[in-house]
Amino acid sequence: MKIPPVKGTRDFYPPEMARHNWIIDGWRKASLRSGFEEYDGPIFEHLSMYQLKSGQEIVEQLFSLQDRGGRDLAIRPEITPTLARMVNQRINALPRPIKWFAVPRLCRAERPQKGRLREFFQWNIDIVGEDSGQADAEIIFTTLDYLRMVGLTPRDVQAKISSRRLLAAVLTSIGIPAARLEALYAVLDKKPKLPPETFDALLAEQVPDTYQAEKIRALMALNSIEQIAGIVEPNEALAQAVDELRTVLDILNAMGMGDYCAFDPSIVRGLAYYTGVVFEVHDIAGELRAICGGGRYDNLLRDFGGPPISATGMGMGDCVLEILLEQRGLLDKQVPKRELEYFVALADPQAIRSVYEIAARIRSKGRSAGFSYRQGGLSKQLKEAAGQDARICVIVGQEYRDKRQVVLKNMGTGEQELVDVEQFLSRLGS
RNA sequence: GUGAGAGUAGCUCAGUUUGGAUAGAGCAUUGGAUUGUGGUUCCAAGGGUCGAGGGUUCGAAUCCCUUCUCUCACCCCA
């Protein structure tokens, strides 16, 4: 009986594993060079941890299980609650700011489609305990630093940045009641995906007042925060929100990321826990779903039973990223090829023991070495070596028995040299 | 949960319109040409429940019904 793979999962055969590892290595490098430390938690948690701050729909998209003690558990669909739990547990002992990153494997029982699977990896970076826009700018910088490092340019991707505080301040000042903001956010969030008439119709449902609706349309059309003054009267809350966002954009400019960044008021982000700066990175063509998203969530630690400490972060899944990198031809030329440094070939059937010995001694020097498990001519062995992408073949033949010499054949150039085996091995270093 | 499309070799596909004999090709794999020199080339081999079940028929990959799976889009997107 054949057992199929589970829906929405991937098998990583060696070529896919090489790509995957290259992506994750890049995430780690970008994190570490911006001063983030790696952490991780368990792959399952108490179900109640995800019920705490999430809606019913989201709980239905969890893979949940009961352990033998009857405890309700769930495979993690995100790592931010785990981060909140871990930070809260040691909040008084951790030096701040807390800059942590993780590359968790996550599961969500959603319907799979392009760029979205049921099991995936997600790069997370978070800064806890820093209120200023410097932290938001660091998160966005680190994200863009990675994307730039793998070869994506401002012609490929753009960080669209906005602020929930700013949105709230504008909407409140034109007379939208605070209780209606949440529902309105959902409409604004959809704007880029909808034709203008459809958006207008949805907006009219939420905001029947044509004056207010007109103001909102004007707000959504802005592409610079300076233009906000032209839409609404200044006030304290608005000035603060504008100032915070301007700080973030200024820092990103100073760090050389200005070309990647744009103010975009249609960025709202789905879930309720965002409180301040929010951002998403999209492919310029807009063909794919968001590459990553993040923002400030100042209430989350408190909501998980900790003190009121601010936080800001970002999550980037591997699925959309890999599709984009493949599209741009950035994978094949950058993912390291499989490579075997030495292949020990046998040209003297009586010397098979020397092949084992030499291969083992090369390995003991920290270099990779292989040899053929089959009996066959030298021609066969070289073919096998080529198949394994060996760089150099060490040919053990008659000269070895006579004078302890082997032939080193460079498989790239075809050049050969006859060398003393002890000299060759000592050249390899410790 | 809703809608559309697709299932034939490990992969990419032809064959289905108009039913016909042992279901094909390229790539990949394995062996040989080649017992001290690889990549190229040439020859050969292995590999199939034509997604599954039922029906029509002398005869079904092909027509009909049911079902499963996958993909894409919608909903949602932490």
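Just so we're on the same page: letters track the sequence lines, and every chain starts at 1.
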Just by distance, with hydrogens left out, do [X] and [Y] show a side-chain donor and acceptor under 3.5 Å apart?
{"X": "A/Ser162", "Y": "A/Asp264", "answer": "no"}
{"X": "A/Thr9", "Y": "A/Glu119", "answer": "no"}
{"X": "A/Asp145", "Y": "A/Thr142", "answer": "no"}
{"X": "A/Ser379", "Y": "A/Gln381", "answer": "no"}
{"X": "A/Asp298", "Y": "A/Tyr274", "answer": "no"}

Can you tell me if [X] touches the phosphate of [N], counting only side-chain N or O atoms and a distance under 4.0 Å to OP1 or OP2?
{"X": "A/Lys114", "N": "B/U71", "value": "no"}
{"X": "A/Ser379", "N": "B/U37", "value": "no"}
{"X": "A/Gln113", "N": "B/A73", "value": "yes"}
{"X": "A/Lys383", "N": "B/U37", "value": "no"}

Measuring only the [atom1] atom in each nucleotide, how far is [N] from [M]? A whole number of Å is fine.
{"N": "B/A61", "M": "B/G20", "atom1": "C1'", "answer": "13 Å"}
{"N": "B/C11", "M": "B/C68", "atom1": "C1'", "answer": "23 Å"}
{"N": "B/C27", "M": "B/U34", "atom1": "C1'", "answer": "25 Å"}
{"N": "B/G24", "M": "B/G46", "atom1": "P", "answer": "13 Å"}
{"N": "B/U67", "M": "B/U2", "atom1": "P", "answer": "13 Å"}
{"N": "B/U57", "M": "B/C63", "atom1": "C1'", "answer": "10 Å"}
{"N": "B/A14", "M": "B/A25", "atom1": "P", "answer": "16 Å"}
{"N": "B/G55", "M": "B/U17", "atom1": "C1'", "answer": "22 Å"}

[X] [atom1] to [N] [atom2]: how many Å, rounded?
{"X": "A/Asp189", "N": "B/A78", "atom1": "CG", "atom2": "C1'", "answer": "13 Å"}
{"X": "A/Arg401", "N": "B/G36", "atom1": "CZ", "atom2": "P", "answer": "13 Å"}
{"X": "A/Gln122", "N": "B/C77", "atom1": "CD", "atom2": "C1'", "answer": "11 Å"}
{"X": "A/Arg76", "N": "B/A78", "atom1": "CZ", "atom2": "C1'", "answer": "14 Å"}
{"X": "A/Asp389", "N": "B/G39", "atom1": "CG", "atom2": "P", "answer": "14 Å"}
{"X": "A/Leu418", "N": "B/G36", "atom1": "CG", "atom2": "P", "answer": "17 Å"}
{"X": "A/Arg391", "N": "B/G39", "atom1": "CZ", "atom2": "C1'", "answer": "17 Å"}
{"X": "A/Met411", "N": "B/U37", "atom1": "CE", "atom2": "C1'", "answer": "9 Å"}

Pairs under 3.5 Å (N/O, protein and nucleotides 26-31 of chain B):
from	atom 1	to	atom 2	distance (Å)
B/G31	OP1	A/Arg374	NH1	2.3

In Watson-Crick or G-U wobble terms, both distances under 3.5 Å, what is the partner of [N]?
{"N": "B/C13", "answer": "B/G24"}
{"N": "B/C72", "answer": "B/G3"}
{"N": "B/G39", "answer": "none"}
{"N": "B/G48", "answer": "none"}
{"N": "B/G53", "answer": "B/C65"}

Check every strand shown and say whether [X] touches a base, only sugar-phosphate, or nothing at a heavy-atom separation below 4.0 Å.
{"X": "A/Gly414", "value": "base"}
{"X": "A/Glu384", "value": "nothing"}
{"X": "A/Lys193", "value": "base"}
{"X": "A/Leu106", "value": "nothing"}
{"X": "A/Glu415", "value": "nothing"}

Please determine whether any donor N or O and acceptor N or O are separated by less than 3.5 Å between the side chain of [X] and the base of [N].
{"X": "A/Arg108", "N": "B/A78", "result": "yes"}
{"X": "A/Gln416", "N": "B/U37", "result": "yes"}
{"X": "A/Arg116", "N": "B/C76", "result": "yes"}
{"X": "A/Arg111", "N": "B/U2", "result": "yes"}

Original post:
How far apart are the closest heavy atoms of A/Pro42 and A/Arg85, and which atoms are they?
Top reply: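 The answer is CD-NH2, 3.7 Å.
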Side chain of [X] only, heavy atoms from C-beta on: which candidate in [options] is closest?
{"X": "A/Glu110", "options": "B/C76, B/U34, B/C70", "answer": "B/C76"}
{"X": "A/Arg269", "options": "B/U2, B/A78, B/G38", "answer": "B/A78"}
{"X": "A/Ala386", "options": "B/G39, B/A78, B/A73", "answer": "B/G39"}
{"X": "A/Leu378", "options": "B/G38, B/U37, B/A73", "answer": "B/U37"}

**OP:** Between A/Arg289 and A/Pro5, just flag the one whose closest nucleotide in RNA chain B comes earlier from the 5' side.
**Re:**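 On the 5' side of the pair lies A/Pro5.
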Original post:
Taking for each residue the nucleotide of RNA chain B with the nearest heavy atom, is it A/Glu287 or A/Ala347 whose nucleotide lies nearer the 5' end?
Top reply: A/Ala347
**OP:** Inspect the surroundings of CD in A/Glu339 and state if more than 12 heavy atoms from other residues, nucleotides or ligands are less than 6.0 Å away.
**Re:**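 Atom CD in A/Glu339 is crowded, with more than 12 foreign heavy atoms closer than 6.0 Å.
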**OP:** Using a strict cut-off of less than 4.0 Å between a Lys/Arg side-chain nitrogen and an Asp/Glu carboxylate oxygen, indicate whether A/Arg118 and A/Glu110 qualify as a salt bridge.
**Re:** no
**OP:** For the pair A/Arg269 and A/Glu280, find out whether any cationic side-chain nitrogen is under 4.0 Å from an anionic carboxylate oxygen.
**Re:**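 A salt bridge is present here (some side-chain N lies under 4.0 Å from a carboxylate O).
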**OP:** Using heavy atoms and a sub-4.0 Å distance, could you list which residues of residues 307-328 of chain A are near RNA chain B? By number, please.
**Re:** none
Original post:
Between A/Leu188 and A/Met220, is a side-chain contact (heavy atoms from CB on, under 4.5 Å) present by the stated rule, with each step listed?
Top reply: CA-CA 8 Å; A/Leu188 300 185; A/Met220 298 304 281; 3.9 Å; yes
Original post:
Which residues pass the ring-ring contact (aromatic ring centres under 6.0 Å, His included) test with A/Phe63, sequence neighbours left out?
Top reply: none
Original post:
Parallel, tilted or perpendicular for A/Tyr146 and A/Trp123, by the 30°/60° rule?
Top reply: perpendicular
**OP:** Applying side chain to side chain donor-acceptor pair (under 3.5 Å), run through A/Glu45 and A/Thr82 and close with a yes or a no.
**Re:** CA-CA 8 Å; A/Glu45 294 271 8; A/Thr82 301; 2.8 Å; yes
